[in-house]
Amino acid sequence: MDPQERSKSLSLLLVDDDAELCGMMREFFAQAGHRLECLHNGREGLASALNGAFDLVILDVMLPVLDGFEVLRQLRRRRQTPVIMLTARVQQQDRIQGLDAGADDYLPKPFDPDELLARVRAVLRRTELNLQPLAESIVVASVRVNPSTREAFSGDRPIDLTSTEFDLLEMLIRSAGRIVSRDEITAALFEREATPYDRFLDVHISHLRKKLDGGPRLIRTIRGVGYMFTGGN
């Protein structure tokens, strides 16, 4: 573990109706030096996520009052706080629905607490890198991204992107004209290996194409390999 990661205390919110799991996670994160607040229904979790100063929210899908998908949708209208979703459902469509709503990552139940902590750190490392001053705008064809301000434009039109979508677009634009493999993207952005049945990346690519003018022409799928930003050529 990086010494800086060990010394930095995080403020986390877990929204899950399993009181026993919450107690275990609160103790686990406390031992790692982090504060974990737990709430047990969607309405209270949403209110706390909107009003509290949390570094990251861990959100279960199956919640009373408001389910996790609705909590995330409402949260994303006002905040870009990083969110990791937990789901006991085995259908891939449920995970895709969470990504569609704006989740930064997901983790199936049951899970290893150490893996959850690793996912938390990976998501927050990306967030912290996003805050560091970077080079001026990168322009390819009609698309412009500014790493310093985290802004993206299609022509003169601002593009509303999630944090993960911006990271993905920046990576593709920096590699314009070169095929970027699924393994390379997954390792760089999500810090894990890609799997043949993982549609996490496909969902984000689909979102980018819809938000960019001429997106299907700008981002080409290289079947069985990865993606390439072509600039529309």
Side-chain angles (χ1 to χ4, degrees), residues 10-30 34-113 115-128 130 150 160-168 189-190 198-204 206-208 210-211:
L10 301 174
S11 178
L12 307 169
L13 173 64
L14 171 60
V15 188
D16 195 303
D17 62 346
D18 186 335
E20 182 177 359
L21 173 66
C22 287
M24 292 171 56
M25 290 300 97
R26 187 185 292 111
E27 182 178 346
F28 172 81
F29 278 97
H34 308 304
R35 183 180 71 86
L36 181 73
E37 179 178 325
C38 297
L39 291 169
H40 305 303
N41 72 65
R43 181 178 299 155
E44 292 179 353
L46 175 61
S48 186
L50 288 173
N51 297 319
F54 296 101
D55 295 297
L56 183 141
V57 176
I58 304 165
L59 181 62
D60 189 27
V61 168
M62 301 178 69
L63 291 170
V65 189
L66 290 177
D67 69 22
F69 297 134
E70 184 60 27
V71 171
L72 180 56
R73 279 189 288 268
Q74 293 194 34
L75 176 63
R76 280 290 173 261
R77 291 171 188 160
R78 294 171 56 186
R79 291 284 189 94
Q80 289 302 315
T81 307
V83 173
I84 295 176
M85 296 202 77
L86 306 175
T87 176
R89 299 176 178 178
V90 297
Q91 291 87 351
Q92 191 176 62
Q93 185 58 40
D94 292 311
R95 301 181 187 181
I96 293 173
Q97 187 175 349
L99 298 175
D100 281 336
D104 294 276
D105 203 350
Y106 66 80
L107 188 63
K109 287 182 172 181
F111 57 86
D112 185 325
E115 182 178 1
L116 175 58
L117 180 55
R119 296 286 185 98
V120 168
R121 287 175 174 148
V123 169
L124 290 177
R125 270 196 295 272
R126 297 203 308 268
T127 303
E128 290 171 359
N130 294 343
R150 304 284 295 169
D160 184 19
L161 300 176
T162 67
S163 177
T164 299
E165 288 166 1
F166 185 91
D167 291 339
L168 178 55
L189 299 187
F190 311 121
D198 188 350
R199 291 200 57 200
F200 189 91
L201 182 54
D202 300 323
V203 171
H204 289 302
S206 176
H207 289 174
L208 275 179
K210 290 176 182 177
K211 293 180 179 183

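Model, not experiment: these values are computed from the prediction. Positions are given from 1, in the same order as the sequence printed here.
The residues Asp160 and Lys210 are annotated as not salt-bridged, no charged nitrogen and carboxylate oxygen being separated by less than 4.0 angstrom. Taking a cutoff of 4.0 Å between a charged side-chain nitrogen and a carboxylate oxygen, Lys109 and Asp16 qualify as a salt bridge.
Checked by atom type and distance alone, the side chain of Arg76 pairs as donor or acceptor with a backbone atom of Thr81 at under 3.5 Å. In this structure, Asp17 contributes its side chain and Asn41 its backbone to no donor-acceptor pair below 3.5 Å. No side-chain donor-acceptor contact under 3.5 Å links Arg26 to the backbone of Phe29.
The ring pair (Phe, Tyr, Trp, His ring centres under 6.0 Å) test applied to His204 returns Phe200, not counting sequence neighbours. For the salt bridge (charged side-chain N to carboxylate O under 4.0 Å, His left out) test, residues two or more places apart in sequence or in another chain that qualify with Arg35 are Glu37.
Nearest heavy atoms, Ser163 versus Arg150: O-NH2, 3.2 Å. Scanning both residues, Gly52 and Arg79, for their nearest heavy atoms gives O-NH1, 3.4 Å. Shortest non-hydrogen contact noted between Asp55 and Leu124 is O-CD2, 3.4 Å. Gly45 and Val15 get closest at one heavy-atom pair: CA-CG2, 3.8 Å. Of all heavy-atom pairs spanning Phe111 and Pro108, the tightest one is CB-O, 3.5 Å. Closest heavy-atom contact between Leu72 and Ala103: CD2-N, 3.4 Å.
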Please assess Gln74 against Leu50 for the test side-chain contact (heavy atoms from CB on, under 4.5 Å), listing each intermediate value before the final yes or no. CA-CA 9 Å; Gln74 293 194 34; Leu50 288 173; over 6 Å; no

Can you list the steps and then say if Phe28 with Leu116 is a side-chain contact (heavy atoms from CB on, under 4.5 Å)? CA-CA 11 Å; Phe28 172 81; Leu116 175 58; over 6 Å; no

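Expressed to the nearest 0.5 Å, how far CG of Leu161 lies from CG of Leu208 amounts to 6.0 Å. Between the CG atom of Leu86 and the OH atom of Tyr106 there is a distance of 12.5 Å, given to the nearest 0.5 Å. Distance check, rounded to the nearest 0.5 Å: CG of Leu63 to CD of Glu44 gives 11.0 Å. To the nearest 0.5 Å, the span separating CG on Asp60 from OG1 on Thr87 amounts to 7.0 Å. Here the CG-SG distance, from Asp18 to Cys38, works out to 10.0 Å after rounding to the nearest 0.5 Å. Between Leu36 atom CG and Met24 atom CE the span is 12.5 Å, to the nearest 0.5 Å.
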